[in-house]
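What follows is a short report on a single structure.
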Amino acid sequence: MKTLVVVPTYNERENIKPLVKRIFQTLPDAEVLVVDDRSPDETPEQVKALQADFPSLHLLVREEERSFAGAYKDGFQWAIQNGFEVIFTMDADLSHNPEYLKNLREKIQESDVVVGSRYIPGGGIQNWPLSRVLLSRWANAFTRSLTRLPTRDCTSGFQAYRVSVLLALDFQNIQSNGYAFLIEMKYRAWRKGYRIQEVPIVFVERREGASKLSRQHIVEAFFLVLRLWLRR
């Protein structure tokens with residue numbers, strides 16, 4: 001299946017070069033789309049320089065207001081317009097090991113959505129402070145208990161989607177941003193009866209750059225889960 005790896009970026013100059021190289025080492029027949037939110041640190045220029053060595057590397061610089069969900073939506077739309085059948089999504093900061101793309105691609109052959117999960121046997125987290133580990137575990141337990149979503153890692157951004165699923169989810173009309181967007185995408189797919197599987201991943205805290213997690217994202221995800229619960 002024609003495969004695209006979508007990587008949203010904002011100020012990832014230090015990470016984008018090694019990430020792109022490792023993705024193509026793992027999936028040499030895939031294509032990669034970097035969706036950049038007008039990074040002031042010259043991330044787009046780094047991508048343009050890499051295109052000479054990697055002709056299957058593409059760059060989309062967004063003109064709209066910076067948005068986590070907006071970057072995903074624009075990447076999905078680009079993939080649809082260019083005839084891709086499977087889309088992988090992953091973080092740009094090397095916290096998601098590109099080697100796991102092999103496992104996601106294997107599972108998507110028999111599934112509609114595949115989630116790289118930190119919270120199933122074989123998965124885990126490295127180099128996070130205890131406070132953040134507890135927050136993440138609580139958020140996932142809270143989400144599962146209220147929505148009944150049968151996914152252990154509801155907030156994971158390391159995923160594979162069949163494009164047919166994205167079209168059915170009407171993703172452009174999802175208003176959530178941040179982690180809430182990741183939760184709502186999985187929830188909508190599950191409610192429509194699509195097959196969701198998880199594969200274990202070990203998430204490693206970034207070594208370069210700053211985390212994009214904000215208090216606003218946490219609050220938004222909390223209220224999204226409450227809304228989904230009330231709708232049920």
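In this chain, residues are counted from 1 in sequence order. All heavy atoms count here, side chains included; hydrogens, waters and symmetry mates do not. All values reported here derive from a predicted model rather than from experimental measurement.
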Locate the shortest heavy-atom distance separating [X] from [Y]; write the atom from each residue and the value.
X: Arg188; Y: Ile174; result: CZ-CG1, 3.4 Å
X: Pro200; Y: Pro121; result: CB-O, 3.5 Å
X: Asp91; Y: Leu19; result: O-CD2, 3.9 Å
X: Thr9; Y: Ala92; result: CG2-CB, 3.7 Å
X: Ile80; Y: Leu167; result: CD1-CD2, 3.6 Å
X: His96; Y: Gly157; result: CE1-C, 3.9 Å

Could you check whether the rings of [X] and [Y] sit parallel, tilted or perpendicular, using 30° and 60° as the cut-offs?
X: Trp138; Y: Phe142; result: parallel
X: Phe158; Y: Tyr100; result: perpendicular
X: His58; Y: Trp78; result: tilted

Nearest 0.5 Å, what's the [atom1]-[atom2] distance between [X] and [Y]?
X: Glu45; Y: Ile16; atom1: CD; atom2: CD1; value: 12.5 Å
X: Phe88; Y: Leu27; atom1: CZ; atom2: CG; value: 6.0 Å
X: Tyr161; Y: Phe171; atom1: OH; atom2: CZ; value: 11.0 Å
X: Ser67; Y: Phe181; atom1: OG; atom2: CZ; value: 8.5 Å
X: Leu169; Y: Glu184; atom1: CG; atom2: CD; value: 9.5 Å
X: Ile108; Y: Leu101; atom1: CD1; atom2: CG; value: 12.0 Å

Taking atom [atom1] of [X] as the centre, does the number of heavy atoms from other residues, nucleotides or ligands within less than 6.0 Å exceed 12?
X: Lys21; atom1: NZ; answer: no
X: Arg195; atom1: CZ; answer: yes
X: Glu65; atom1: CD; answer: no

[X] and [Y]: same hydrophobic cluster, using ILVMFWY side-chain contacts below 4.5 Å?
X: Leu130; Y: Leu135; result: no
X: Ile120; Y: Val113; result: no
X: Tyr179; Y: Leu134; result: no

Does [X] use its side chain to pair, donor to acceptor, with the backbone of [Y] at less than 3.5 Å?
X: Asp112; Y: Tyr194; result: no
X: Gln51; Y: Leu57; result: yes
X: Thr3; Y: Met1; result: yes
X: Arg66; Y: Ser39; result: no
X: Arg22; Y: Glu99; result: no
X: Lys2; Y: Asn82; result: yes

Do [X] and [Y] meet the criterion of a side-chain donor-acceptor pair at a distance under 3.5 Å?
X: Gln197; Y: Glu110; result: yes
X: Arg118; Y: Thr155; result: yes
X: Gln159; Y: Thr89; result: yes
X: Tyr119; Y: Ser156; result: no

Flag side-chain contact, heavy atom, 4.5 Å: [X] against [Y]:
X: Pro44; Y: Leu59; value: yes
X: Pro40; Y: Tyr10; value: yes
X: Trp190; Y: Pro150; value: yes
X: Met90; Y: Pro98; value: yes
X: Ser176; Y: Ile183; value: no
X: Ile196; Y: Ser111; value: no
X: Lys73; Y: Gln77; value: no

Run the side-chain contact (heavy atoms from CB on, under 4.5 Å) test on Arg144 and Arg152 for me, step by step, so that the C-alpha distance in whole Å, both residues' side-chain angles and the decisive distance to 0.1 Å come before the verdict.
CA-CA 8 Å; Arg144 292 195 310 272; Arg152 300 293 300 177; 3.5 Å; yes
Test side-chain contact (heavy atoms from CB on, under 4.5 Å) on Phe84 and Glu31 and set out the steps.
CA-CA 9 Å; Phe84 288 90; Glu31 298 187 41; 3.7 Å; yes
Hey, is Arg105 close enough to Asp29 for a salt bridge, meaning N to O under 4.0 Å?
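Looking at Arg105 and Asp29, the cut-off is met.
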Is a salt bridge present between Lys102 and Glu106, judged by a nitrogen-to-oxygen distance below 4.0 Å?
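Salt bridge between Lys102 and Glu106, a charged N being under 4.0 Å from a carboxylate O: no.
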Begin from the C-alpha positions of Val204 and Asn97 and carry the test side-chain contact (heavy atoms from CB on, under 4.5 Å) through to its verdict.
CA-CA 8 Å; Val204 180; Asn97 188 338; over 6 Å; no
Please name the residue in the list Lys107, Glu198, Arg162 that meets the side chain to side chain contact (heavy atoms under 4.5 Å, CB included) test with Val114.
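Among Lys107, Glu198, Arg162, the one that satisfies the side chain to side chain contact (heavy atoms under 4.5 Å, CB included) with Val114 is Lys107.
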Reference residue Thr143; test side chain to side chain contact (heavy atoms under 4.5 Å, CB included); the match among Thr147, Asn140, Leu146:
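Option passing the side chain to side chain contact (heavy atoms under 4.5 Å, CB included) with Thr143: Thr147.
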Assess the residue pair Glu12 and Val7 against the criterion (side-chain contact (heavy atoms from CB on, under 4.5 Å)); give the C-alpha distance rounded to whole Å, side-chain angles, the decisive distance to 0.1 Å, and a yes or no.
CA-CA 11 Å; Glu12 296 291 354; Val7 184; over 6 Å; no
